[in-house]
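Accompanying notes for the structure given below.
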Amino acid sequence: MKKNVIYIHTHDSGKVLSPYGYDVPTPALQQFAEEATIFRQAYCVGPTCSPSRAGLLTGMYPHSNGMYGLSQRGFQLHDYNQHLVNFLKKQDYHTVLCGIQHEAGSYTDHKNGANMIGYDQDITSDNSGLTEQELVKWDYENANQVREWLQQTDKDKPFFLSYGMFATHRKFPEEAHEDHQAFDPKYVMPPYPMSDDKRIREDYTGYLNSATWANESFKIVIDALKEEGLYDNSIIIFTTDHGLAFPFGKCTLYDTGIGVSLIMRVPGSNMIGEEVEGLVSQVDIFPTLCELLEIEKPSYLQGVSFAEMFKVMDHEVRDEIFAEINYHTSYEPARSIRTKRYKYIKYYDENYLKINRTNIDNSPTKTLFHENGLEEAVKPHEGLYDLMYDPGERNNLAGVERYNTILEEMRQKLHDHQVKTNDPILSGHFKIEEGWKVNRAETYNPSSKDPNDYLKAGE
């Protein structure tokens, strides 16, 4: 009998969850990790919402699948037939969406997005009238929708279920879930690289509140799979799209931007309850599923299968992973390669080598940074970091003579990857197309509620 595939994902969580050692209230996720396999070195292909998910669900890099920016800002896949949903439908899987998807249209307009992608069924609860701060309650309602659907579904027909949560996206809820105690900012510590500042602690408390809703929603889905006898016949994937929505996290190529949680349960695996240290990329999940499900993989996939990692301890499938930025709210072309030891980042916006403030989500922490010279911060044209001694990627070794050989090797490997995948940035900068909403990078106004001064196609 074919195994079901359940894909569970949160927004803007990175690895800042309890299975990765953080003091974050996610005990249900922690329990699941103990019954599954946790990947310690997992990375997305693009540290913004739509490019990340599109990379996972097409098995292709954003510059290849067409998702250069956010779907709600007009960006689309070149071909939705390359989406995992449509591939599995051809293998006689019933495909179901509940909650957030971020590969087609507005991520909260689930009906149109589900149709555009090609889902057989959309069981998402109505979210009309909810504020962003209330959308974590929508996650909870959707979890109950999943439970009801699992109770009624034909257990003999394999299915693919995507359950996507709004948590832990901004705006954060004001209160934690009722099953969790309230958080006192005096007793929390923001994760690196955020400083231990009162305003940041208060902001980070909102993230913790949101995480409680993610945990309780996740628990409902996992409990329902167990109650319905589906837990041991399903490949369950829990992952996050990219780093936290704080400065120097989301929409950066630092590990705080591209590092993601990846916890997978594969029935019969030798690695249940174990950790994997080898490098993996979310672009590898599609080919891995093909191997685990014993389905011939499509020719367009650009990732590599890590199915063997569920059989053999300390198995390695990659020497490096790649990630990129094209657009978030504004244009910020950059590419990176990461090995176990080193990270190389190349920025292509030579005329604007400043921290792109419009690509940092609005927050009290961002305002604090703005008040303390964020507009003066700059990026290097290229950066090389020794992750053994500098895990925070703050000491740029590009130009340091004893690292010249490593720098050249990393440059060449990145270039070879770009050539192999036909990266359009090699032929020049992207040109804005009709329908894309792209902010001007230099016109950030922190006091504005809608600082969207869009560039137009042809400008």
Establish, from distance only, whether the side-chain atoms of [X] and [Y] form a donor-acceptor pair under 3.5 Å.
{"X": "Asn356", "Y": "Thr358", "value": "yes"}
{"X": "Thr124", "Y": "Asp122", "value": "yes"}
{"X": "Glu35", "Y": "Tyr231", "value": "yes"}
{"X": "Asn215", "Y": "Thr26", "value": "no"}
{"X": "Thr10", "Y": "Thr168", "value": "no"}
{"X": "Tyr327", "Y": "Arg73", "value": "no"}
{"X": "Thr421", "Y": "Gln302", "value": "no"}
{"X": "Asp197", "Y": "Ser195", "value": "no"}
{"X": "Arg335", "Y": "Asn326", "value": "yes"}

Q: Give me the one residue out of Ile200, Leu244, Asp203 that meets side-chain contact (heavy atoms from CB on, under 4.5 Å) with Pro190.
A: Ile200
Q: Apply the side-chain contact (heavy atoms from CB on, under 4.5 Å) test between His11 and each candidate in Lys250, Arg170, Arg53; give the one that qualifies.
A: Arg53
Q. In chain order, what residues pass the side chain to side chain donor-acceptor pair (under 3.5 Å) check against Gln412, with sequence neighbours excluded?
A. Asp416
Q) How are the rings of His177 and Tyr140 set relative to one another: parallel (under 30°), tilted (30 to 60°) or perpendicular (over 60°)? A) tilted
Q: Classify the ring geometry between Phe248 and Phe369 as parallel (under 30°), tilted (30 to 60°) or perpendicular (over 60°).
A: tilted
Q) How would you list, by chain and number, every residue that makes a salt bridge (charged side-chain N to carboxylate O under 4.0 Å, His left out) with Asp386, sequence neighbours excluded? A) Arg341
Is any side-chain N of the basic residue among [X] and [Y] closer than 4.0 Å to the acidic one's carboxylate O?
{"X": "Glu408", "Y": "Arg411", "result": "yes"}
{"X": "Arg318", "Y": "Asp284", "result": "yes"}
{"X": "Arg338", "Y": "Asp255", "result": "yes"}

Q | Qualifying residue, where the test is salt bridge (Lys or Arg N to Asp or Glu O under 4.0 Å) with Lys340 and the options are Glu320, Glu316, Glu277 | A | Glu316
Q. For the rings on Phe218 and Phe32, is their centre-to-centre separation under 6.0 Å?
A. yes
(Q) Looking only at the aromatic ring of each residue, does the gap between the centers of His9 and His102 stay below 6.0 angstrom? (A) no
Q: Enumerate the residue pairs fulfilling ring-ring contact (aromatic ring centres under 6.0 Å, His included) with a member in residues 179-205, sequence neighbours excluded, ordered by first and then second residue.
A: Tyr204-Tyr207
Q.
Does Glu350 have more than 12 heavy atoms from other residues, nucleotides or ligands lying within 6.0 Å of its CD?
A. yes
